Amino acid sequence: MYPSMKSVYICFGTDVIHGGHIRILERAAQLGRVTAGVLTDTAVASYRRYPLLPYEERKSIIENLKGVSEVVPQDSLSYAENVRRLRPDYVVHGDDWLEGAQKPIREEVIALLGEYGGELVEYPYSDDESHKLLDSSVRETLSLPDVRRSRLKKLLAIKKPVSVLEAHNGITGLIVEKTCVVENGQARQFDAMWVSSLCDSTAKGKPDIELVDMTSRLQTIDEIMEVTTKPIILDGDTGGKTEHFVYNVRTLERMGVSAIIIEDKVGLKKNSLFGTEVKQTQDSIENFSAKIAAGKKALRTKDFMIIARIESLILEQGMEDALRRAFAFVAAGADGIMIHSRKKAPDEIFEFCAKFREKDGTTPLIVVPTSFNAVTEEEFAKRGVNIVIYANHLIRSSFKAMQKTAEMILEAHRCKEVDDNCISIKEILTLIPQQ
Ligand code: SPV
Ligand code: MG
């Protein structure tokens, strides 16, 4: 039946099969009996984009392709586990992984095959325009409001913690969307974006006191949404007046935002990282619970999340107060609890998580480790945290780089010296492809 009884391994991460895949598969089948790996949902999400089709569906598509004898899951971008187990005579791949994020994966495959005399066979990757169009139409689908909005809850179901980085305009949105590193055969990407009040205000040269109004915040979100597909979590400050909040959550839901986080403060809001150095007033449990409940009632979908942020530790009101509020806000309908702290040591955050998890094993917990920044995502996950938000790091790092460049031009009376600090003209011209 087979030209030889050699074994072949090929892996599919795609949810759209096109002629390019079929041609590679035909060639693979000429080499021997084909086992196809199918990337699991977590593996796809960590590498390219959230899959349009779940694993089971993608598996059954691949199973039904001519030339595929068997399908096995591949849990990570790395082929190592399956290659070690199956010891195929050939691994087949397109030649599109010679550079970029997949390069180390390719090198690992070559090394593994070398251990027992297996061979990597590469075929030219299809650069057919129609196939590229397919990928961009998948991206367009992922950016549609209904699809984008629902993805945060889907991510929460498959990934712990969900890793989130701030974006405050189109270009920072693209950085969160596209940055990918590969480490020990695992691809790592950010899962979602945080539209921070601090960064949105700072980018406009304004203080973080709810001065940048909702209309402007919505424009920032729209700018990010136009060029990205990942879910968005909005920093909703205090949520404002309940009468306004109910309108705003509906607008955000309609736009395709996945979640809003509102903090239990009233009056003139100042940034939490000031702590008790400035006057800040916490809302009562009753008022804030009523605001959450009203927001929940206004929603039209089950996807949009209203997350309550507790400021008790920031305002030095103690652990008991923080926990009392957390349980009350969950009872009022909150879809998640963000606990904030400005202490360098994570002890109070860990204590809160442990005590909260004693009574509530399911409500998502969110942290913003700007101060307690030595804790890894793995450690947070062990402590029961579901979402980690890096809330201000793109604006803080870009500010430092921009200021340095400005100083260097002034000092040198010309701009030659700053060239090494800058992305090249060629790169900036081609960074954003024209559609
Ligand atoms: C923000 O990013 O605006 C936040 C988080 O609210 S923090 O600055 O830590 O208060
Ligand atoms: Mg804020």
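Along the sequence shown, the residues carry numbers beginning at 1. All figures in this text were calculated on a predicted structure; none of them were measured in a lab. Just so you know, ligand 1 is whichever comes first in the structure, and atom 1 is the first atom listed for that ligand.
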Query raised in the report: Considering only N, O or S atoms, which atom of Asp235 is nearest to the Mg ion (ligand 2)?
Result: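 Within Asp235, restricted to N, O or S, the Mg ion (ligand 2) is closest to atom OD2.
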Could you verify whether a donor N or O on one side chain and an acceptor N or O on the other, from [X] and [Y], lie under 3.5 Å apart?
| X | Y | result |
| --- | --- | --- |
| Asp191 | Ser163 | no |
| Ser216 | Asp213 | no |
| Asp264 | Gln282 | yes |

Report task. Answer yes or no for His340: is there a heavy-atom contact with ligand 1 below 4.0 Å? Result ->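 Heavy atoms of His340 do come under 4.0 Å of ligand 1.
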Report task. Tell me, please, if Glu263 has any N/O/S atom, main chain or side chain, under 2.8 Å from the Mg ion (ligand 2)? Result ->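 No, since none of the N, O or S atoms of Glu263 sits under 2.8 Å from the Mg ion (ligand 2).
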**Report entry** Ser196 near the Mg ion (ligand 2): N/O/S under 2.8 Å
**Finding:**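 Given the 2.8 Å cut-off, Ser196 does not count as a ligand of the Mg ion (ligand 2).
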**Report entry** ligand 1 versus Asn271: contacting region, heavy-atom distance under 4.0 Å
**Finding:**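 Side chain only.
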Requested in this report: Could you tell me whether Asp235 approaches ligand 1 through its side chain, its backbone, both or neither, with non-hydrogen atoms closer than 4.0 Å?
Outcome: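 Side chain only.
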Query raised in the report: Quick one: does NZ or CZ of Lys359 land under 6.0 Å from the six-membered ring centre of Phe327, within 45 degrees of the ring axis?
Result: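 Pair Lys359/Phe327 counts as cation-pi.
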Query - Nitrogen or oxygen atoms of Leu198 and ligand 1 under 3.5 Å apart - result: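 Checking ligand 1 against Leu198, an N or O pair does fall under 3.5 Å apart.
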Query raised in the report: Can an N or O of Ser197 be found at a distance shorter than 3.5 Å from an N or O of ligand 1?
Result: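 Ser197 vs ligand 1: N/O contact under 3.5 Å present.
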Query raised in the report: Are more than 12 heavy atoms from other residues, nucleotides or ligands located less than 6.0 Å from atom NZ of Lys178?
Result: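 Incorrect, the count does not exceed 12.
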Requested in this report: Can you establish whether the number of heavy atoms outside Ile425 located under 6.0 Å from its atom CD1 is more than 12?
Outcome: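 At most 12 heavy atoms, drawn from other residues, nucleotides or ligands, come within 6.0 Å of this atom.
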Query raised in the report: What is the nearest protein non-hydrogen atom to atom 2 (O) of ligand 1, stated with its residue, atom name and distance?
Result: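 Looking only at protein heavy atoms, the one closest to atom 2 (O) of ligand 1 is Ser196 OG, 2.8 Å.
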Report task. Do me a favour and list the nearest non-hydrogen protein atom to atom 10 (O) of ligand 1 with residue, atom name and distance? Result ->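 Result: Arg309 NH2, 2.8 Å.
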Query raised in the report: What residue among Ile387, Ile233, Val368 forms side-chain contact (heavy atoms from CB on, under 4.5 Å) with Met338?
Result: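 Exactly one pass, corresponding to Val368.
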**Report entry** Atoms of ligand 1, numbered as shown, that sit under 4.0 Å from any heavy atom of Ala391
**Finding:**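 Every atom of ligand 1 under 4.0 Å from some heavy atom of Ala391: 2 (O).
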**Report entry** Under 4.0 Å to a heavy atom of Ser272 - the qualifying atoms of ligand 1, by number
**Finding:**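 Under 4.0 Å from Ser272, ligand 1 has these atoms: 10 (O).
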Query raised in the report: Among Asp237, Asp222, Asp208, which residue meets the salt bridge (Lys or Arg N to Asp or Glu O under 4.0 Å) test with Arg217?
Result: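 Exactly one pass, corresponding to Asp237.
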